[in-house]
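Below is one structure, written out as structure tokens; the observations come after it.
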Amino acid sequence: MPKETFYRLPDEKRERIMAAAEHEFLENSFEAASINRIIKEAAIPRGSFYQYFEDKKDIFLYIVDTHKNEAFDFVENFIKDCNGDIFAFMRMAMDCIISAGFSEKMNGMKRMFSQPWVFDMIVSDRMKGKLEEAKTPKGIMFKYIDKNSLNVESDDEILSLINIFASISLGLFFKIFIMGKNGIECDSEKVRETVYGEIDTLEKKYKKH
């Protein structure tokens with residue numbers, strides 16, 4: 001994560017550095033990305049870079065973390081838009097992942113997130129999140145879903161449902177961003193059909209009728 005000196009920079013300079021770094025990682029794999037190109041585009045001395053970040057991995061992780069936080073905001077907005085209907089939210093979220101994953105515009109993002117160690121970080125403790133940790137996908141879902149519409153008797157059953165959805169999401173993420181990046185062909189409609197089938201099964205089991 002950035003050093004304190006980075007946070008003390010003027011907003012314009014911070015944004016310029018981050019824009020240069022994100023551009024570099026979107027255009028190149030992590031291994032091929034160059035600090036020299038980042039500092040050149042950001043118009044800062046090489047020494048200044050190391051006053052702000054430990055190394056290339058440090059700034060890369062900061063970018064990834066920023067996108068994770070944005071994703072958390074999307075989760076909250078999506079489930080609010082669905083009026084707490086967790087199954088409508090699941091379909092909306094899956095459509096978003098599928099549309100993004102099969103878009104050529106997302107190729108750079110795929111390069112960023114297809115690093116195996118980045119994927120491991122995404123399923124880290126922060127992403128697993130406990131119910132009381134409100135600023136995690138699971139905490140957000142638990143807070144906003146319409147619990148009265150579910151055929152459950154305890155919070156543990158709700159958490160079980162959320163965990164199943166998390167597994168489906170991560171499996172989809174892996175298929176599109178990891179397998180797809182490695183040349184394994186995926187058909188978007190077949191992927192959507194499979195995922196919707198899994199959500200339909202969950203809805204039949206957990207939704208009050």
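For the pair I59/F49, a side-chain contact is recorded, criterion being any heavy-atom separation below 4.5 Å from C-beta on. Side-chain contact check for I79 versus K143: every heavy-atom pair is 4.5 Å or farther apart. Between F142 and L159, the closest side-chain pair of non-hydrogen atoms is not below 4.5 Å. Side-chain contact between I17 and L9: present, with at least one pair of heavy atoms (C-beta onward) separated by less than 4.5 Å. S149 places none of its side-chain heavy atoms less than 4.5 Å from the side chain of F87. Here the side chains of I168 and M90 are not in contact, with every heavy-atom distance at 4.5 Å or above. Counting heavy atoms from C-beta outward, M141 and L161 have side chains that stay 4.5 Å or more apart. With a 4.5 Å cut-off on side-chain heavy atoms, Y52 and R14 do not count as touching.
Remark: K205 NZ is loosely packed, at most 12 non-hydrogen atoms of other residues, nucleotides or ligands lying under 6.0 Å away. Atom NZ of K147 has more than 12 heavy atoms from other residues, nucleotides or ligands within 6.0 Å. Counting non-hydrogen atoms of other residues, nucleotides and ligands closer than 6.0 Å to OH of Y196 gives a total above 12. Remark: E4 CD is packed, more than 12 non-hydrogen atoms of other residues, nucleotides or ligands lying under 6.0 Å away.
Here the CG-CG distance, from L150 to D85, works out to 8.5 Å after rounding to the nearest 0.5 Å. To the nearest 0.5 Å, the span separating NZ on K204 from CG on L202 amounts to 11.0 Å. Between atom CD1 of residue I86 and atom CZ of residue F165 there is a gap of 7.5 Å, rounded to the nearest 0.5 Å. Atom CD1 of I63 is separated from atom CG of D65 by 11.0 Å, given to the nearest 0.5 angstrom. With values rounded to the nearest 0.5 angstrom, L61 atom CG is found 10.5 Å from T66 atom OG1. Here the CD1 atom belonging to I44 is positioned 8.5 Å from the CD1 atom belonging to I38, to the nearest 0.5 angstrom.
In terms of heavy atoms, R37 sits closest to A32 at NH2-O, 2.9 Å. For E157 against N151, the heavy-atom pair with the smallest separation is OE1-O, 4.5 Å. Here the closest non-hydrogen pair linking I158 and V152 is CG1-CG2, 3.8 Å. Across every non-hydrogen atom of L172 and M94, the tightest pair is CD2-SD, 3.5 Å. The shortest non-hydrogen separation linking N148 to K208 is O-NZ, 3.1 Å. Shortest non-hydrogen contact noted between A88 and C82 is C-SG, 3.7 Å.
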Do K56 and E24 pass the salt bridge (Lys or Arg N to Asp or Glu O under 4.0 Å) test, and can you show the C-alpha distance, the side-chain angles, and the key distance before you say yes or no?
-> CA-CA 11 Å; K56 181 170 69 172; E24 180 65 15; over 6 Å; no
Could you walk me through whether E12 and R16 pass the salt bridge (Lys or Arg N to Asp or Glu O under 4.0 Å) test, one step at a time?
-> CA-CA 6 Å; E12 185 277 331; R16 191 171 73 242; 2.8 Å; yes
Test R91 against D200 for salt bridge (Lys or Arg N to Asp or Glu O under 4.0 Å), laying out the working first.
-> CA-CA 10 Å; R91 294 184 180 95; D200 289 344; 2.7 Å; yes
Could you go through the ring pair (Phe, Tyr, Trp, His ring centres under 6.0 Å) check for Y144 and F89 one step at a time?
-> CA-CA 11 Å; Y144 290 106; F89 162 75; over 10 Å; no
Chi angles and distances behind the salt bridge (Lys or Arg N to Asp or Glu O under 4.0 Å) call for D58, K3 = CA-CA 10 Å; D58 197 26; K3 299 177 183 178; over 6 Å; no
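A distance-only check finds no donor-acceptor pair linking the side chain of E27 to the backbone of H23 [under 3.5 Å]. Looking only at distances, no side-chain donor or acceptor of S160 sits under 3.5 Å from a matching main-chain atom of D156.
For the pair K190 and E193, the salt-bridge criterion is not met [side-chain N within less than 4.0 Å of a carboxylate O].
Note: F6 and F53 have tilted aromatic rings, judged against thresholds of 30 and 60 degrees for the angle between ring planes. The aromatic rings of F25 and F60 sit perpendicular, their planes meeting at an angle over 60°, well past the 30° parallel limit.
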